[in-house]
Amino acid sequence: MEIMGISGDDDDVAKRCELFGSNTYQRPPPKVFVSFVVEAFNDTTILILLVCAGLSLGFGIKEHGPGEGWYEGGSIFVAVFLVVVVTALSNFRQERQFDKLSKISNNIKVGVVRNGRPQQISIFEVLVGDVVSLKIGDQIPADGLFLSGHSLQVDESSMTGESDHVEIEPSNSPFLLSGAKVVDGFAQMLVTSVGTNTAWGEMMSSISRDTKERTPLQARLDKLTSSIGKVGLAVAFLVLIVLLIRYFTGNSEDDKGNQEFQGSKTDVNDVFNAVVRIVAAAVTIVVVAIPEGLPLAVTLTLAYSMKRMMADQAMVRKLSACETMGSATVICTDKTGTLTLNQMRVTKFWLGLENGMENFSNAMAPNVLELFHQGVGLNTTGSIYKPSSESEPEISGSPTEKAILLWAVSDLGMDMDELKRTHEVLHVETFNSEKKRSGVAIRKETNNTVHVHWKGAAEIILAMCSNYIDYNGIEKSLDEDRSKLEKIIQGMAASSLRCIAFACMKISEDIDYNDKEKVHQILRKDGLTLLGIVGLKDPCRPDVKKAVETCKLAGVSIKMITGDNIFTAKAIATECGILDLDGHVNAGEVVQGVEFRNYTEEERMEKVEKIRVMARSSPLDKLLMVQCLKKKGHVVAVTGDGTNDAPALKEADIGLSMGIQGTEVAKESSDIVILDDNFNSVATVLRWGRCVYNNIQKFIQFQLTVNVAALVINFIAAVSSGDVPLTTVQLLWVNLIMDTLGALALATERPTKELMEKRPVGRTEPLITSIMWRNLLAQALYQIAVLLVLQFKGKSIFNVNGKVKDTLIFNTFVLCQVFNEFNSRSMEKLNVFQGIHKNHLFLGIVGITLVLQVLMVELLRKFADTERLTWEQWGICIVIAAVSWPIAWITKLVPVSDRTFFSHHVKWVKLWVFKIKHLF
């Protein structure tokens with residue numbers, strides 16, 4: 001009986017939605033902006049600063065009156081508020097970004113039958129009354145009842161916690177629960193409840209998504225931030241002690257040059273005010289020292305790259321995958337659909353030892369043609385829908401199934417509806433990537449004859465056969481001709497064809513077909529008769545060779561793992577550039593899955609790095625290879641599309657599932673979904689992964705330069721003269737520039753060609769390299785030298801008062817960071833301006849920073865505690881800052897070891913430690 005399903009017109013859909021609801025569930029409301037502001041205020045240093053600002057505001061108003069007394073305290077309040085709002089805003093935007101991606105990843109495509117036509121719809125559009133088609137790897141989209149199908153087993157562990165698979169039968173357990181996964185068989189189900197009326201929807205409504213996932217790089221940065229913060233805390237504590245001692249010993253002066261503390265003569269309010277000012281200055285040093293911008297930079301980089309990767313056909317499911325992909329040393333890739341177009345078509349057909357394609361059905365014996373119709377039309381998970389006799393058939397299913405069905409309809413004149421009307425399917429063994437075959441037992445209703453049909457990988461089906469049929473319908477023994485057929489299969493495979501064979505057997509014994517065990521036994525796996533072999537051509541993707549070359553240049557090894565036979569695998573691997581084009585293959589480069597599986601553990605570890613192609617592999621072989629490569633210290637990325645690929649996808653450092661052919665089980669086990677199933681997109685993900693890592697390293701270099709310079713300047717100035725040249729508000733402003741605007745500018749750099757010309761960083765590469773130390777120390781030492789000269793000799797050099805001198809220091813310091821931002825665009829390239837015109841955000845941020853700095857110095861003098869500068873003084877500040885460009889250029893010419901700054905000298909340090917120990 002043909003299943004029509006619901007009509008699916010607008011009125012019917014609206015009515016069903018109104019009566020039974022839609023297939024969506026109420027998510028917990030997203031966090032509002034205010035909650036992110038509150039979170040930002042929870043920072044300890046921010047709270048201390050607010051207390052200091054409050055005290056400063058109170059004492060200021062008491063001392064100078066409300067008109068002018070609010071400046072210092074109010075300025076700190078405004079600066080803190082700006083830092084908090086910007087931090088909250090970036091976190092809020094990130095949350096929104098993840099919400100959007102979550103909606104996209106949850107929007108699964110579901111196969112339904114409406115008005116007799118099979119079609120794909122969104123899971124959110126499934127309605128009560130829909131007939132849903134289920135196959136291996138599908139997620140059940142709603143609660144429902146089993147209608148028809150064979151060998152259906154589901155995994156309900158997400159609902160019940162039970163790991164045992166549940167067999168679905170029409171009589172004993174016909175109920176299907178939403179959220180469960182199909183692990184075997186195929187079926188059609190009738191939807192009985194959707195959305196929050198299902199057990200899954202009810203559960204999901206109460207679960208809030210955790211967006212506070214910490215990636216490995218973020219964890220490393222947290223440690224780095226903590227270490228730098230401790231150094232900053234120590235410096236701030238020393239500054240606090242020194243300034244307090246200088247104040248209470250009468251060694252500090254006010255703006256008019258008078259001694260600030262004069263023992264009992266000094267007003268208590270003045271003492272409190274001075275102490276609050278000193279504490280605020282010390283706390284601000286901590287604020288500047290703690291690089292809050294590092295986590296922000298990671299967040300911004302990841303959010304930006306996730307958005308861009310989505311446009312480049314890659315959907316990130318797990319944040320950590322973005323950065324880990326940049327460290328990948330090996331990519332294990334599938335063949336079909338990833339390296340090839342997945343546009344199958346039958347180009348070769350062998351019936352016995354006869355080769356032919358066009359109008360072969362005319363010369364074929366009627367009984368052979370009927371067996372072919374049965375073997376193709378009833379042993380399939382695909383379907384054919386023909387709206388009218390004149391229209392073209394609409395074929396659905398996997399690319400292999402569609403190609404074979406199209407060939408059977410157009411060349412063999414198969415009528416699938418007629419076949420289904422006149423035959424009954426007794427038992428089905430569905431195809432999976434381990435068995436590489438599928439079988440069906442059918443009974444013809446006109447004469448009650450029972451046939452078993454098998455379809456699958458040609459050499460596997462051939463091994464199950466003892467006879468073959470020629471085009472006249474005469475059955476012959478395979479004893480003499482088996483080797484000829486094996487050569488035919490090898491020849492087709494060497495031409496990059498996927499070989500599928502068909503075999504059958506007539507069952508003569510009388511069996512009770514209601515007895516499941518006995519029906520299962522009739523699916524004989526030996527003594528079959530070979531019907532024929534088809535060769536399917538799946539062309540390589542036009543851009544795949546270039547993508548493979550790009551990955552190889554980047555030092556990433558490509559390994560092709562395929563279920564196809566060894567000859568097809570070699571041909572495709574050569575065509576794609578994985579194997580050498582001259583056809584020369586070294587020993588151990590191409591292996592079969594069974595061979596790899598049977599190696600001892602030591603042999604596998606020894607040979608795994610040499611392997612470039614693994615043919616006739618099972619999902620277990622793929623998992624074994626991933627485990628071996630990881631033990632060897634590699635960072636492994638794996639592509640997969642089948643349900644059985646899930647263990648390998650989970651085991652790999654980066655699991656890449658396929659968006660078109662991938663099952664829901666595979667997607668759920670993966671870290672990134674390749675939306676177009678294209679290997680070129682895998683190479684793009686690698687490029688973006690390296691870009692994320694590189695952008696974060698650029699920002700670390702930029703940030704540490706500022707940290708080192710600010711800490712040293714304030715510490716030396718405080719210890720030597722008791723005067724901190726950079727005030728609380730000024731340091732908060734610098735903090736805002738480097739933490740937020742700097743992170744935004746450097747985190748949004750796009751991938752460059754140079755990134756794919758370096759070797760992969762691997763698993764143990766340090767975050768701060770010797771190249772970064774070289775660059776940041778050169779810039780920090782220059783800034784410290786210049787600013788200390790200005791601090792101690794600025795008044796006499798420029799013939800200005802103390803206030804103008806402090807403004808010059810502040811202005812030069814900020815401009816140095818702006819110019820150094822350009823240097824940070826590349827850690828090794830001499831030309832840091834290459835491609836800058838394409839990064840509008842970077843130029844915009846630099847422009848905004850400069851405008852705001854002019855406002856701070858020229859207009860917001862009371863707020864920033866600055867004095868107006870002349871054109872000449874502005875020119876001097878710019879020239880001093882611009883010198884950082886030639887310094888960076890010269891610094892990059894200094895060669896450094898690839899090893900870290902510290903590991904390079906570790907032997908030297910150990911030697912001196914040994915000598916010192918022996919001295920005492």
Next item on the list: For salt bridge (Lys or Arg N to Asp or Glu O under 4.0 Å), just list the numbers for Glu418 and Arg421, CA-CA rounded to whole Å, side-chain angles, deciding distance to a tenth of an Å, and then say yes or no.
Entry: CA-CA 5 Å; Glu418 180 65 23; Arg421 271 196 298 273; 3.1 Å; yes

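- For NZ of Lys484, the number of neighbouring non-hydrogen atoms (other residues, nucleotides, ligands) closer than 6.0 Å is 12 at most.
- Among residues two or more places apart in sequence or in another chain, the side chain to side chain donor-acceptor pair (under 3.5 Å) test is passed with Thr329 by His634.
- One distance of note links CZ of Arg345 with CG of Leu536; it measures 10.0 Å at 0.5 Å rounding.
- Between the side chain of Lys667 and the backbone N or O of Gly659 there is at least one donor-acceptor pair closer than 3.5 Å.
- Side-chain polar atoms of Ser681 and Asp676 form a donor-acceptor pair below 3.5 angstrom.
- Not a single donor-acceptor pair under 3.5 Å links the side chain of Lys335 to the backbone N or O of Ile561.
- For Gln119, the side-chain contact (heavy atoms from CB on, under 4.5 Å) test picks out Val112, Arg114, Arg117, Ile121, with sequence neighbours left out.
- Around CD of Gln120, the count of heavy atoms belonging to other residues, nucleotides or ligands within 6.0 Å exceeds 12.
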Next item on the list: Show your working on side chain to side chain contact (heavy atoms under 4.5 Å, CB included) between Lys537 and Met344 and close with a plain yes or no.
Entry: CA-CA 6 Å; Lys537 182 71 177 171; Met344 301 275 190; over 6 Å; no

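- Between the side chains of Asn565 and Thr568, at least one donor N or O lies within less than 3.5 Å of an accepting N or O.
- Proximity of Ile578 to Val548: side-chain heavy atoms (C-beta onward) are separated by under 4.5 Å at one or more points.
- With sequence neighbours left out, Glu601 forms a side-chain contact (heavy atoms from CB on, under 4.5 Å) with Arg604, Met605, Lys631.
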Hey, can you pull the donor-acceptor pairs under 3.5 Å for the side chains in residues 613-621, sequence neighbours left out?
residue: Arg616; atom: NE; partner: Glu459; partner atom: OE2; Å: 2.5
residue: Arg616; atom: NH1; partner: Gly563; partner atom: O; Å: 2.2
residue: Arg616; atom: NH2; partner: Glu459; partner atom: OE1; Å: 2.8
residue: Arg616; atom: NH2; partner: Glu459; partner atom: OE2; Å: 2.9
residue: Ser617; atom: OG; partner: Thr562; partner atom: O; Å: 3.1
residue: Ser618; atom: OG; partner: Leu620; partner atom: N; Å: 3.4
residue: Ser618; atom: OG; partner: Asp621; partner atom: N; Å: 3.4
residue: Ser618; atom: OG; partner: Asp621; partner atom: OD2; Å: 3.2
residue: Asp621; atom: OD1; partner: Arg597; partner atom: NE; Å: 2.7
residue: Asp621; atom: OD2; partner: Arg597; partner atom: NH2; Å: 3.0
residue: Asp621; atom: OD2; partner: Ser618; partner atom: N; Å: 2.8

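- Ion pairing of Lys610 with Glu589 is absent here, as no side-chain N (NZ or NE/NH1/NH2) approaches a carboxylate O to less than 4.0 Å.
- Residues satisfying the side-chain contact (heavy atoms from CB on, under 4.5 Å) test with Gln627, not counting sequence neighbours, are Leu623, Leu624, Glu651.
- Contact annotation: the side chain of Val440 never approaches that of Val452 to less than 4.5 Å [non-hydrogen atoms, C-beta and beyond].
- A side-chain donor-acceptor contact under 3.5 Å links Thr639 to the backbone of Asp334.
- Applying the side chain to side chain donor-acceptor pair (under 3.5 Å) rule to Ser670 yields the partners Ser657; only residues at least two apart in sequence or on another chain are considered.
- The side chain to side chain donor-acceptor pair (under 3.5 Å) check on Asp415 picks up nothing, with sequence neighbours excluded.
- The shortest side-chain heavy-atom distance between Cys551 and Leu686 falls under the 4.5 Å cut-off.
- Annotation: side chain of Cys540 is not in contact with side chain of Leu339 (no heavy-atom distance under 4.5 Å).
- Considering only heavy atoms from C-beta on, Phe349 stays 4.5 Å or farther from Ile533 through its side chain.
- Panel note: side chain His373, backbone Leu412; a donor-acceptor pair is recorded below 3.5 Å.
- Side chain of Ser495 to backbone of Gly491: a donor-acceptor contact under 3.5 angstrom is found.
- The backbone N or O of Asp645 sits nowhere less than 3.5 Å from a side-chain atom of Lys622 that would complete a donor-acceptor pair.
- Residues Leu629 and Cys332 meet the side-chain proximity criterion, which asks for heavy atoms closer than 4.5 Å.
- Between Thr449 and Lys506 the shortest side-chain heavy-atom distance falls below 4.5 Å.
- In summary, Glu370 and Lys444 engage in a salt bridge, as defined by a charged side-chain N under 4.0 Å from a carboxylate O.
- Taking 4.0 Å as the cut-off between side-chain N and carboxylate O, Lys455 and Glu401 count as a salt-bridged pair.
- The side chain to side chain donor-acceptor pair (under 3.5 Å) test applied to Thr446 returns no partner, not counting sequence neighbours.
- Taking the charged nitrogens against the carboxylate oxygens, Lys181 and Asp138 have no contact shorter than 4.0 Å, which rules out a salt bridge.
- Among Asp538, Thr340, Thr400, the one residue that satisfies the side-chain hydrogen bond (donor to acceptor under 3.5 Å, both in side chains) test with Arg498 is Thr400.
- For Lys135, the NZ atom counts as loosely surrounded, since its 6.0 Å shell holds 12 or fewer non-hydrogen atoms of other residues, nucleotides or ligands.
- One finds the CD1 atom of Ile168 at 6.0 Å from the CG atom of Leu152 (value rounded to the nearest 0.5 Å).
- Legend: residues meeting salt bridge (charged side-chain N to carboxylate O under 4.0 Å, His left out) with Lys552, ordered by chain and number and at least two apart, are absent.
- Side-chain contact check for Thr333 versus Ile558: some heavy-atom pair is nearer than 4.5 Å.
- The distance from the CZ atom of Arg612 to the CG atom of Asn586 is 7.0 Å, given to the nearest 0.5 Å.
- The distance from atom CG of Asn367 to atom CD1 of Ile474, rounded to the nearest 0.5 Å, is 10.0 Å.
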Donor-acceptor pairs under 3.5 Å, side chain of residues 460-468 to any protein atom, not counting sequence neighbours: which ones?
residue: Asn467; atom: ND2; partner: Glu475; partner atom: OE2; Å: 3.4
residue: Tyr468; atom: OH; partner: Asp481; partner atom: OD2; Å: 2.8

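- The salt bridge (charged side-chain N to carboxylate O under 4.0 Å, His left out) search around Asp671 returns Lys318, not counting sequence neighbours.
- At a threshold of 4.0 Å, the pair Arg524-Asp526 counts as salt-bridged, since one of the basic side-chain nitrogens sits closer than that to a carboxylate oxygen.
- For the atom pair Arg541 CZ and Glu575 CD, the distance stands at 13.5 Å (nearest 0.5 Å).
- Here Lys476 pairs with Asp470 in a salt bridge; the nearest charged N to carboxylate O distance falls below 4.0 Å.
- Partners of Phe502 according to the ring-ring contact (aromatic ring centres under 6.0 Å, His included) rule, which considers only residues two or more places apart in sequence or in another chain, are Phe372.
- The shortest non-hydrogen separation linking Ile674 to Ala314 is CD1-CB, 4.4 Å.
- More than 12 heavy atoms of other shown residues, nucleotides or ligands fall within 6.0 angstrom of atom NZ in Lys435.
- Checked by atom type and distance alone, the side chain of Asp653 pairs as donor or acceptor with a backbone atom of Val636 at under 3.5 Å.
- Ring planes of Phe596 and Tyr599: perpendicular class, angle over 60° (limits at 30 and 60°).
- Taking CD of Gln139 as the start and CG of Leu134 as the end, the distance is 10.5 Å to the nearest 0.5 Å.
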